[in-house]
Novice: 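This is the structure I have questions about; it appears just below.
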Amino acid sequence: MGYAVVLGEALVDLLDSELDGERVYRQAIGGGPLNVAVGVARLGGAAQFVGSLGDDALGGRIRSFLTSADVGVAGAITVAAPTTLAVVTYAGPEPDFRFYGEPASYGLLGPDDLDVALLEGADVLYCGSIVLLKPEPLAAARRAWSLAAGLRVFDPNVRPRLLNGPSALEGLREVVAEFAAGAHLVKLSAADALLLYPGEPVEGVAAYLRELGATTVVVTLGAAGAVLAAADADPVRVPAPKVNAIDAAGAGDSVMAALIADLLVDGEPEGPSGWADRVAFALRVAGLVCESPGGATAMPTRAAVQNRFNT
């Protein structure tokens, strides 16, 4: 089994919580790509995180956390900027993110900062999330995409509060089309699909991304499961298990992590039925994540998933 390179942001989440009747902010290391890298490692895969970390104490904590989670940091650079903070509030289990920190530490990875040998040796390359909105890391992602010799995996993971008007959204839509055209797997949420392609049903969005060139597309639907478009078959729905959700932070990232971990073990499955089995497992992983607070810290092992769902 080889390894996955996960390129994107790392930051610190401040989770709105209650302690002894008072509102407090609980610190948690996060960022969608970081969650993916940790999730891959927890599920038994090898992952390397590639991104920029702040030069403050929080950046050091992120690096230590990744190392303790058995995620490689050879491609992570330290930059002269404070670690970005995301204040996370909740309406039920669904999180709302607001980002603080300028210059943002996650936006300073450039194409010349990439470890070419690390990228060329990867079996899977993940790109996506909010680094797509910053010129330098977007250039780095494009270069990494061009260097990848293995499977290319993409997740737009849109953060609406970081989009400054219709022109920014249109620019992101063009970037999504660019990466989807060369992807072996695209994973996005129903919320991403609605923002990027308003008025289109999720099955139509999945089919459209496949028409652009993506080999397989998975659109997550929260408690309703996911839509899968694979091979030449029509999109199908894969149900999610029923769980006691308290925090959906990191759920979509855990789906991506589970799919990457299985790609590392067995490569791409043959036919839609093989993909459906993998998506079903990924939804079980996400269900277990939703039953615990936090993102990266809630990523489970395979044994924990099997024990929870008796599989």
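Below, each value reflects all heavy atoms present in this structure, side chains not excepted, and no hydrogens, waters or symmetry copies.
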Novice: What residue among Leu7, Val5, Asp155 forms side chain to side chain contact (heavy atoms under 4.5 Å, CB included) with Tyr126?
Specialist: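 The single option meeting the side chain to side chain contact (heavy atoms under 4.5 Å, CB included) with Tyr126 is Asp155.
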
Novice: Quick check: closest heavy atoms across Ala144 and Leu119, and the distance to 0.1 Å?
Specialist: CB-CD2, 3.8 Å

Novice: Tell me if a side-chain donor or acceptor on Arg42 pairs with a main-chain N or O of Met299 at a distance below 3.5 Å.
Specialist: yes

Novice: Checking Ser52 side chain against Val79 main chain: does a donor-acceptor pair fall under 3.5 Å?
Specialist: no

Novice: Search all heavy atoms of Ala180 against all heavy atoms of Phe154 and return the closest pair with its distance.
Specialist: N-CD2, 4.3 Å

Novice: Going by atom types only, do Arg284 and Gln306 share a side-chain donor-acceptor pair under 3.5 Å?
Specialist: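 Side chains of Arg284 and Gln306: no pair found under 3.5 Å.
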
Novice: For residues Arg63 and Thr78, is any side-chain donor paired with an opposing acceptor at under 3.5 Å?
Specialist: yes

Novice: So if you build clusters from Ile, Leu, Val, Met, Phe, Trp, Tyr with side-chain heavy-atom gaps below 4.5 Å, do Trp275 and Val265 land together?
Specialist: yes

Novice: With a cut-off of under 6.0 Å to the ring centre and 45° to the axis, is Arg161 in cation-pi contact with Phe97?
Specialist: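 Cation-pi check for Arg161 and Phe97: fails.
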
Novice: So, the side chain of Arg152 versus the backbone of His184: is there a donor-acceptor pair under 3.5 Å, distance only?
Specialist: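 Checked: no pair found.
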
Novice: Give me the atom names and distance for the closest heavy-atom approach of Arg143 to Val116.
Specialist: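 Here Arg143 and Val116 meet closest at NH2-CG2, 3.6 Å.
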
Novice: Angle class for the Tyr197/Tyr208 ring planes (parallel below 30°, perpendicular above 60°, tilted otherwise)?
Specialist: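 Answer is perpendicular, since the angle exceeds 60°.
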
Novice: I'd like to know if the side chain of Asp192 reaches the main chain of Val158, judged simply by a donor and an acceptor atom lying under 3.5 Å from each other, with no hydrogens or angles considered.
Specialist: yes

Novice: What's the spacing between Asp277 CG and Leu228 CG if we round to 0.5 Å?
Specialist: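 Interatomic distance, Asp277 CG to Leu228 CG, rounded to 0.5 Å: 10.5 Å.
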
Novice: Please find the pair of heavy atoms, one from Gly2 and one from Ala46, that lie closest to each other, and give the distance.
Specialist: O-CB, 3.7 Å

Novice: Determine, stepwise, if the pair Lys134 / Glu9 fulfils salt bridge (charged side-chain N to carboxylate O under 4.0 Å, His left out).
Specialist: CA-CA 11 Å; Lys134 297 286 185 177; Glu9 75 272 6; over 6 Å; no

Novice: Got a donor-acceptor contact below 3.5 angstrom from the Ser292 side chain to the Val289 backbone?
Specialist: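 No, the answer is negative, given that no donor and acceptor are paired below the 3.5 Å cut-off.
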
Novice: Taking atom CG of Leu53 and atom OG1 of Thr84, what is their separation to the nearest 0.5 Å?
Specialist: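 Between atom CG of Leu53 and atom OG1 of Thr84 there are 10.5 Å.
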
Novice: Give the minimum heavy-atom separation between Tyr3 and Ala122, together with the two atoms involved.
Specialist: OH-N, 3.4 Å

Novice: Whether the Thr89 and Asp16 side chains hold a donor-acceptor pair (N or O, under 3.5 Å, no angle test) is what I'd like checked.
Specialist: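 Thr89 vs Asp16: no donor-acceptor pair found between side chains.
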
Novice: Measure across Ser167 and Asn164 and return the closest heavy-atom pair with its distance rounded to 0.1 Å.
Specialist: OG-O, 4.2 Å

Novice: Looking at Asp56 and Arg61, is there a salt bridge between them, counting it only when a charged N and a carboxylate O are closer than 4.0 Å?
Specialist: no

Novice: Could you tell me the separation between the OG atom of Ser189 and the CG atom of Asn157, rounded to the nearest 0.5 Å?
Specialist: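 One finds 7.0 Å between OG of Ser189 and CG of Asn157.
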
Novice: Check whether any side-chain N or O of Asp262 sits under 3.5 Å from a backbone N or O of Leu259 as a donor-acceptor pair, and report yes or no.
Specialist: no

